[in-house]
Amino acid sequence: MRFSSHLRLLAIGVGVWAAFWVLGLPDYYQQYSFTFVAIATAALVPPSVWIGWRVIGSTKPQYRAARGFWLAVYFSAPFVLLDALYCGLYLGHGLRFFSKYWYLTAFYFVPWLYVPMGFIAARKPG
């Protein structure tokens with residue numbers, strides 16, 4: 001992948017995080033019930049997987065496995081870092097933010113489904 005593609009994916013990942021952060025204000029979704037947050041989190045998984053599949057599938061077959069890996073990196077690592085800075089440092093929760101904001105933690109792992117998806121898609125013809 002070209003350097004500009006890495007920057008673009010990073011920018012999109014940070015933009016997605018920022019959008020979810022703004023939508024979660026004023027308390028980063030803590031103002032909602034456990035049930036609502038659980039349902040909303042579960043509801044976001046299928047579209048996340050579908051979007052990943054579409055992006056991976058639109059890539060040339062020989063690059064699909066790598067694209068799956070880089071999607072996983074850019075849609076998980078910035079989320080962890082930015083949530084750690086905001087929830088852990090700024091809000092003062094430290095590492096407890098992983099459990100307090102469990103619904104965020106779930107999305108540190110969901111993008112890693114893109115890796116096997118990339119390998120599966122790489123075996124399919126363009």
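Bear in mind that the values here come from a model prediction, so they are computed numbers and not experimental data. Below, all heavy atoms of this structure are taken into account, side chains as well, without hydrogens, waters or symmetry copies.
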| Under 4.5 Å between side-chain heavy atoms, hopping through other hydrophobics if needed: is there a path connecting Leu10 to Phe3? | no
Side chains of residues 35-53: which donor-acceptor pairs under 3.5 Å do they make with residues two or more places apart or in other chains?
unit_1 : atom_1 : unit_2 : atom_2 : d
Thr41  : OG1    : Val37  : O      : 2.7
Ser48  : OG     : Leu44  : O      : 2.7

| field | Criterion side-chain contact (heavy atoms from CB on, under 4.5 Å) on Leu91 and Phe97, from CA distance to verdict | value | CA-CA 9 Å; Leu91 296 178; Phe97 89 89; over 6 Å; no
| request: Rounded to the nearest 0.5 Å, what's the gap from CZ on Arg67 to OH on Tyr114? Could you check? | output: 12.5 Å
Let me check something: any side-chain donor-acceptor pairs from residues 71-87 under 3.5 Å, sequence neighbours excluded? List them with distances.
unit_1 : atom_1 : unit_2 : atom_2 : d
Tyr74  : OH     : His6   : ND1    : 2.8
Ser76  : OG     : Ala72  : O      : 2.5
Ser76  : OG     : Trp112 : NE1    : 3.0
Asp83  : OD1    : Trp17  : NE1    : 2.6
Asp83  : OD1    : Tyr28  : OH     : 2.6
Asp83  : OD2    : Tyr108 : OH     : 2.7

| task | Output all residues satisfying ring pair (Phe, Tyr, Trp, His ring centres under 6.0 Å) with Phe34, sequence neighbours left out; order by chain, then residue number. | result | Trp102
| message | Using the side-chain contact (heavy atoms from CB on, under 4.5 Å) criterion, which residues pair with Ser5? Sequence neighbours excluded. | response | Met1, Arg2
Residues 19-27 side chain polar contacts: donor-acceptor under 3.5 Å, at least two apart:
none

| query | Could you state the interatomic distance from CD1 (Ile56) to CZ (Arg64), rounded to the nearest 0.5 Å? | reply | 9.5 Å
| request: Give the minimum heavy-atom separation between Gln30 and Lys100, together with the two atoms involved. | output: NE2-O, 3.2 Å
